[in-house]
Amino acid sequence: GSEAASEQGQEEEVEDRLKEHMDSLLDKSAKARQAALQSLRLALSSKTLSEFLLERRLMLTDSLEKCLKKGKGEEQALAGTVLTLLCLQMGSGPEGEEVFCSLKPLLVSILTDSTASPSARQSCATALGMCCYIAAADLE
């Protein structure tokens, strides 16, 4: 009993930290947004959080869109990586496709923007390829 309660407490703690990081994506400070993206990247790459993310995918997608649009270089690169991980977590169902379809035009735009940083373009190319492979229902 106490082991299960301890595990649930840890789970809630992780989710609370993730919520804080998601809120920080909307911070005015680019440093705060980058730190939040780094933390989300770490969390999404080390733990399966599909249930938690399912309820928050629209909010997270909106936040990533803002980071991709308003951010520069490093922030855009991190946002692309987090988007890839979000897509992986959502999987090949309608939720993953929804995330991918909503951000695909922006990814293509950054990828083809010759003034965007190489790291941002590379991250967007990876996100585009991975998300397309995982979540695109349209075979083309």
Side-chain angles (χ1 to χ4, degrees):
S2 67
E3 217 175 277
S6 167
E7 198 172 298
Q8 177 146 11
Q10 286 178 330
E11 190 78 22
E12 287 172 6
E13 195 176 305
V14 166
E15 289 181 2
D16 288 343
R17 277 200 309 262
L18 283 170
K19 288 176 194 169
E20 286 172 26
H21 299 318
M22 288 179 187
D23 290 342
S24 295
L25 289 179
L26 301 173
D27 202 289
K28 286 192 188 317
S29 159
K31 276 203 186 316
R33 290 192 308 269
Q34 282 183 20
L37 286 165
Q38 292 271 25
S39 299
L40 285 168
R41 183 185 73 186
L42 215 76
L44 295 180
S45 60
S46 61
K47 192 169 170 85
T48 302
L49 301 158
S50 357
E51 288 297 315
F52 173 82
L53 293 169
L54 206 53
E55 304 162 11
R56 295 165 183 82
R57 72 183 182 283
L58 297 176
M59 180 260 203
L60 186 52
T61 303
D62 287 347
S63 299
L64 289 172
E65 182 177 358
K66 287 181 178 95
C67 289
L68 286 166
K69 277 183 179 174
K70 295 182 175 146
K72 299 284 179 246
E74 181 66 18
E75 184 178 348
Q76 287 178 315
L78 283 166
T81 302
V82 171
L83 172 62
T84 302
L85 293 167
L86 175 62
C87 223
L88 277 167
Q89 293 264 354
M90 290 294 96
S92 61
E95 295 84 6
E97 185 181 1
E98 179 184 11
V99 168
F100 171 60
C101 288
S102 65
L103 291 179
K104 180 183 167 193
L106 187 53
L107 291 172
V108 171
S109 165
I110 294 169
L111 178 61
T112 57
D113 179 0
S114 60
T115 62
S117 81
S119 64
R121 292 174 74 188
Q122 182 268 327
S123 179
C124 287
T126 301
L128 200 56
M130 287 295 290
C131 294
C132 187
Y133 180 72
I134 294 162
D138 181 8
L139 292 176
E140 285 188 38

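Predicted model, so just to flag it, every value in this text is computed and none were measured.
- The side chain to side chain contact (heavy atoms under 4.5 Å, CB included) test applied to Leu111 returns Ala125, Leu128, not counting sequence neighbours.
- Applying the side chain to side chain contact (heavy atoms under 4.5 Å, CB included) criterion to Ala30, with sequence neighbours excluded, gives Arg33, Glu75.
- For residues 105-115, the set of pairs meeting the salt bridge (charged side-chain N to carboxylate O under 4.0 Å, His left out) definition, not counting sequence neighbours, is empty.
- Checked against side chain to side chain contact (heavy atoms under 4.5 Å, CB included), Lys19 has the following partners two or more places apart in sequence or in another chain: Asp16, Phe52, Arg56.
- Scored by the side chain to side chain contact (heavy atoms under 4.5 Å, CB included) test, Arg121 finds Ser114, Ala116 as partners (sequence neighbours excluded).
- Taking Glu13 as the reference, Arg17 meet the side chain to side chain donor-acceptor pair (under 3.5 Å) condition, with sequence neighbours excluded.
- Screening residues 98-110 for salt bridge (charged side-chain N to carboxylate O under 4.0 Å, His left out), with sequence neighbours left out, gives Arg57-Glu98.
- For Gln122, the side chain to side chain donor-acceptor pair (under 3.5 Å) test picks out Thr126, with sequence neighbours left out.
- The salt bridge (charged side-chain N to carboxylate O under 4.0 Å, His left out) check on Glu11 picks up Lys47, with sequence neighbours excluded.
- Not counting sequence neighbours, the partners of Ser117 by the side chain to side chain donor-acceptor pair (under 3.5 Å) test are Ser119.
- For Lys69, the side chain to side chain donor-acceptor pair (under 3.5 Å) partners are Glu65, not counting sequence neighbours.
- With hydrogens and angles disregarded, no donor-acceptor distance shorter than 3.5 Å links the side chain of Glu95 to the backbone of Leu54.
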Go through the steps for Leu40 and Leu60 under the test side chain to side chain contact (heavy atoms under 4.5 Å, CB included), then give the verdict.
CA-CA 10 Å; Leu40 285 168; Leu60 186 52; 4.2 Å; yes
